[in-house]
Structures are given as C-alpha cells and as structure tokens.
Amino acid sequence: DFDYYEARAQDVKLEDITSYEGNAVILQRLHCHLKTLTISDDAEDVDDVDDYFVVEEGDDLGWLGYFIGKSKCLGYLRI
C-alpha cells in the first residue's frame, strides 16, 4: 500500500531494507540520479554495479517498488 511506504519513507534506514550496501546506494540514487536500473537475482549477471539491484534475502521488494515509483529520472527498467 502506497500510504504505508509514504508515511514511513522519511524514517526508513536503507541498511534495514537491503541485503548489502550496493543496493542501499541504488535506492538513494533512484530519487534523481539513476536513469537505468536492472533488477537481477544473480550476482554473476552484474556487469555494471552502478545500475544493478541484486535481489537477495534481506531485500524488501516493496520498498524497491516504492523508490522506483517515486523516481524522477528513471527511464529504463530491466528485470
């Protein structure tokens, strides 16, 4: 539910909703700096860590969806 995430967005700690620091950085960059995002469940597929969100245990995909939806610059999403 969008309202759930909207009400908590100011207080969320990215390290609590992601499996590692690289994914937390992606969520930060989604706001206005990231133009392309690839979501993968295979870390070996990652060829450019700057735009890959690697889904692992500990990643909250609801928050990922929220940040994607709020992005002002994202033009391409690959899954």
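Just so you know, these numbers use all the heavy atoms, side chains as well, and skip hydrogens, waters and symmetry mates.
Among residues at least two apart or in separate chains, salt bridge (Lys or Arg N to Asp or Glu O under 4.0 Å) pairs with a member in residues 61-79 are Glu6-Lys70, Asp51-Arg78. Within the structure, the salt bridge (Lys or Arg N to Asp or Glu O under 4.0 Å) test picks out no pair touching residues 52-65 (sequence neighbours left out).
Taking all atoms of both residues into account, the shortest heavy-atom contact from Val54 to Asn23 is O-ND2, 2.8 Å. Between Gly62 and Tyr5, the closest heavy-atom pair is CA-OH, 3.3 Å. For the pair Cys73 and Cys32, the tightest heavy-atom approach, listed with the atom from each and the gap, is SG-O, 3.0 Å.
Counting heavy atoms from C-beta on, the side chains of Ile26 and Thr18 never come closer than 4.5 Å. Proximity of Phe67 to Leu34: side-chain heavy atoms (C-beta onward) are nowhere separated by under 4.5 Å. Put simply, the side chain of Ile68 reaches to within 4.5 Å of the side chain of Leu64, judged on heavy atoms. Contact of the Val12 side chain with the Tyr66 side chain is not registered, since no non-hydrogen atoms from C-beta on lie closer than 4.5 Å.
The line from CG of Asp41 to CZ of Phe53 is 12.0 Å long, rounded to the nearest 0.5 Å. For the atom pair CD1 (Ile39) and OH (Tyr52), the distance works out to 11.5 Å, reported to the nearest 0.5 Å. Note that OG1 of Thr36 and CG of Leu74 are 7.0 Å apart. Values are rounded to the nearest 0.5 Å. Note that the CZ atom of Arg8 and the CH2 atom of Trp63 stand 7.5 Å from one another [nearest 0.5 Å].
Taking hydrophobic clusters as Ile, Leu, Val, Met, Phe, Trp and Tyr residues chained together by side-chain heavy-atom distances below 4.5 Å, Val25 does not share a cluster with Leu77.
Under a cut-off of 6.0 angstrom, the local environment of OH in Tyr76 is sparse, with at most 12 non-hydrogen atoms contributed by other residues, nucleotides or ligands.
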